[in-house]
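Below: one structure, written as C-alpha cells.
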Amino acid sequence: MKILLHMCCGPCSCYPVKRLREEGMEPEGYFFNPNIHPYKEWEQRLTTAKEFAAKVSMPMQADENYRLRDFLRQALPAEAQPNGRCHFCYSWRLEQTARFAAENGFEAFTSTLFYSIYQQHDLMKQMAESFAERYKVHFYYEDFRPGWQEGIDISHALELYRQPYCGCIFSEEERYSKAIRKQRKAAAKAAKAKRLATETAEAGAD
Ligand code: SF4
C-alpha cells in the first residue's frame, strides 16, 4: 500500500516507521508543521526529519515554508476556547496531510501524532477519519503509543536531535516559564483539595 506518513519530527517517526514496515508497508514521509517555532527550532526539526529519513532509507517530502504568522493568525483567536489552539493545530496538519495524500496518488495516510503520549489521541483520530472521508483517501489507524520507549531508544541509537517542547511558541513558554509552572502547580493543588473536600462531604452523608 502506498502510504503517506505525516512526520511531526524525526524522533517521533522512529517507531511508526518500524511498525509500518513490520506490517509490510513502505511509507513515504511528509513534513508539514507550521506549528513549530521559532525559526531555528523549526529548521532543526526539519533537518532532523531529513536526517532520520536518510538513515532509514525512507523517501520524504517537506513543506519548507516557515509559517509563524499564518499559525498565529488562527491560533490566537482559537486560544479563547479550551484546548482551541491544539485543536486548530491538529486539524491543520491532518487536513493538509489527507489533501496531499489524495492529490499525490497515495492510497492512505497516517501520522506520527498517533505515537505521542502527550496529544489528544482520540480527538486526532476523529479528525483524521473525517478528513479521510472528505478527501476520499484511506486513513490508516494504529495506536503507536505502546512503542513510546522503543521509539526513544531508536532515536538515541540514531543520534537524532530530540526537542524539549511540543512545538509552538506557546508551548515553549509553558516549558520554560517558572511563573506558568507555579500557576499550574497551584491549580493542581487547589483541584486536589476540592476533590478531597467533596469526597469527605460525600462520606459524611453516607
Ligand atoms: S502545544 Fe503542540 S499541539 Fe498544541 S498548538 Fe502548540 S504545537 Fe500544536
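In this chain, residues are counted from 1 in sequence order. Ligands are counted one by one from 1 in listed order, and the atoms in each one are counted from 1 as well.
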- Message: Could you check whether Lys2 pairs with Glu26 (Lys NZ or Arg NE/NH1/NH2 to Asp/Glu carboxylate O, under 4.0 Å)?
- Response: no
- Under the side-chain hydrogen bond (donor to acceptor under 3.5 Å, both in side chains) criterion, do Glu107 and Tyr140 qualify, and how do the steps go? CA-CA 9 Å; Glu107 292 161 72; Tyr140 175 82; over 6 Å; no
- Evaluate the ring-ring contact (aromatic ring centres under 6.0 Å, His included) criterion for residues Phe139 and Phe131: first the C-alpha distance (whole Å), next the side-chain angles of each, then the deciding distance (0.1 Å), finally the verdict. CA-CA 8 Å; Phe139 163 52; Phe131 293 135; over 10 Å; no
- Task: Measure from NZ or CZ of Lys125 to the centre of the six-membered ring of Phe114, then state whether that distance is under 6.0 Å and the direction lies within 45° of the axis.
- Result: no
- Message: Looking at Phe32, I'd like to know if the NZ or CZ of Arg99 sits under 6.0 Å from its six-membered ring centre while staying within 45 degrees of the ring's axis.
- Response: no
- Note on the structure: Report for atom 8 (Fe) of ligand 1, protein N, O or S closer than 2.8 Å, by chain and number, lists Cys89 SG
- In one Ile/Leu/Val/Met/Phe/Trp/Tyr side-chain cluster, 4.5 Å: Tyr161, Phe31: no
- Could you go through the ring-ring contact (aromatic ring centres under 6.0 Å, His included) check for Tyr90 and His121 one step at a time? CA-CA 10 Å; Tyr90 301 145; His121 193 95; over 10 Å; no
- Query: Any heavy atom of Glu174 sitting closer than 4.0 Å to ligand 1?
  - Reply: no
- With heavy atoms of Gln119 as the reference, note each atom of ligand 1 found under 4.0 Å away. 3 (S)
